[in-house]
Each structure stands twice: as structure tokens, then as C-alpha cells.
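The first residue in the sequence is number 1, and the count goes up from there. The model shown is predicted, which means the values in this text are computed figures rather than measured ones.
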Amino acid sequence: MNRYDRQIRVDQIGLAGQEKIKQAVILIVGCGALGTYAAEQLIRTGVQHLILIDPDIVEETNLQRQTLFTTKDAQAQKAKVTAAKEKLLQINPKARIDVYQERFDSALFHQHKKIHLILDCTDNYLARRLINDYCLAFNLPFIFASVASTSGQVMPLFPSEGPCLSCVFPQLHQLEKRDVILSV
């Protein structure tokens, strides 16, 4: 039986849709709670190529909400991208997962010409602005997601076809300055 049989049976997906899922290259910026959950679900649906970026290491305080990480990861102070890759390959060893333990920098991704979608799972407005600018420059869609306390937001953006993140949130520049001050 095909691993993705239940999806293929869905009329809106079928064999053609499952092939599109398989061929997708998705960049996830941020491997916290949102990023790890999204990565796991994408691998389980059949995405075969993920690119993960996050500069942080796994900490004990991550474990209650970042589902791909374990106590051993925190004790070993593993990079989040490394620990996530290990777990995702246990789910699907045939997947290709490229990892970058660093902050998002659009120059790094000029080498990845075939990205189909970017998931913004960061907690940093400066990174969001860079992702927005990158997507504008390369005509890429992205999904903005944010969670704080007990509320969350998610919004798909197609900057080349409609408003970009800076259009929707014109105060983004002010929030960026706050992030820079908080991170110093």
C-alpha cells in the first residue's frame, strides 16, 4: 500500500496532487513550536525537500511546546535544526532536509532557486521583513504565522500579486527597531 494512500483517495489531491506535494521545496524560517510542527506535518504529507533555518539550540524551556525535541536534545545543547532533521528523517528517511544554524539572510538563499513556498515561523519582526523582501524580489509566496500567549495569527501572502507584509502591517519598521533593541 502506498504511504500516502489516504491523501491520494481525496479527490482534491489525487495522484497528481500528491506528486506536486512530493516535488515541493519548502523553506521554514524558525524551528520553534510553529516551525517544528509545520515541518513534521509537511514531511508526513509527503514533502520530500525541506530547508530549515534557525540559529538557536534546544533548551529545556522549549520541550513543552516544541514537539520534535527531547530532553536528550536539550542536555546535548543540539542545534534546533539538527535535532529537527534527525527526528524528521525518522519519520521519512527518504526526505532531503537542508539545515542552516544561522539567522535568515536572503543572500544565503540565492543558491536555492527552486523554493516554492516559505513559512515564516519566526518570533522576530526584522526577520519577517527580510523574508517579505526576499519573497518580493523572487516572486515567492509565503505564509506568515505568529503566536503569542494564547492567540495566534496566520496569513498567506503573495507579494507579487497582492499586498506584502509591509503593506498589511505598515508599522513593521517600528517593531523592527524594538526587536533590535531587545536583542542587544
Value rounded to 0.5 Å, distance of [atom1] in [X] from [atom2] in [Y]:
X	Y	atom1	atom2	answer
Lys72	Leu63	NZ	CG	13.5 Å
Asp123	Asp54	CG	CG	8.5 Å
Leu119	Phe144	CG	CZ	13.0 Å
Ile91	Ile97	CD1	CD1	8.5 Å
Asn62	Thr67	CG	OG1	11.5 Å

Residues, nucleotides or ligands: over 12 heavy atoms within 6.0 Å of [X] [atom1]:
X	atom1	answer
Tyr4	OH	yes
Glu60	CD	no
Gln64	CD	yes

Among Leu42, Ile51, Ile118, Ile53, which one satisfies side chain to side chain contact (heavy atoms under 4.5 Å, CB included) with Ile28?
->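 So, applying the side chain to side chain contact (heavy atoms under 4.5 Å, CB included) to Ile28 and each of Leu42, Ile51, Ile118, Ile53, only Leu42 qualifies.
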Sole candidate of Tyr100, Phe104, Tyr134 that passes side chain to side chain contact (heavy atoms under 4.5 Å, CB included) when paired with Val29 |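 Filter result, single survivor: Phe104.
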Of the non-hydrogen atoms in [X] and [Y], which two are nearest, and what is the gap between them?
X	Y	answer
Leu89	Ala95	CD2-O, 3.4 Å
Cys31	Thr36	O-CG2, 3.4 Å
Ser146	Leu34	N-CD1, 3.9 Å
Cys164	Pro159	CB-CB, 3.9 Å
Gln18	Ile13	N-CG2, 3.6 Å
Ile21	Gly46	CG2-C, 3.7 Å

Is [X] reaching over with its side chain to a backbone N or O of [Y], donor-acceptor style, under 3.5 angstrom?
X	Y	answer
Asp5	Asn2	no
Arg128	Thr122	yes
Gln7	Thr45	yes
Thr82	Lys78	no

Would a 4.5 Å heavy-atom cut-off, applied to side chains only, mark [X] and [Y] as touching?
X	Y	result
Leu165	Phe142	yes
Val168	Met155	yes
Leu140	His116	no
Ile26	His49	no
Ile143	Leu117	yes
Glu40	Leu88	yes
Gln48	Lys94	yes
Leu27	Val25	no

Residues Asp98, Lys85: salt bridge by 4.0 Å N-O rule =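 Between Lys85 and Asp98 there is no salt bridge, as every charged N stays at least 4.0 Å from the carboxylate O atoms.
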Kindly indicate, with the supporting measurements, whether the criterion side chain to side chain donor-acceptor pair (under 3.5 Å) is fulfilled by Glu86 and Gln90.
-> CA-CA 7 Å; Glu86 290 171 0; Gln90 289 175 16; over 6 Å; no
Check against salt bridge (charged side-chain N to carboxylate O under 4.0 Å, His left out), Asp73 and Lys80 = CA-CA 8 Å; Asp73 297 328; Lys80 286 185 175 184; over 6 Å; no
Same apolar cluster: Leu52 and Ile57, side chain cutoff 4.5 Å |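 Different clusters: Leu52 never reaches Ile57 through Ile, Leu, Val, Met, Phe, Trp or Tyr contacts under 4.5 Å.
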Decide whether Phe138 and Leu157 are clustered together by the hydrophobic rule: side chain heavy atoms of Ile, Leu, Val, Met, Phe, Trp, Tyr closer than 4.5 Å, transitively.
->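 Same cluster: Phe138 reaches Leu157 through Ile, Leu, Val, Met, Phe, Trp or Tyr contacts under 4.5 Å.
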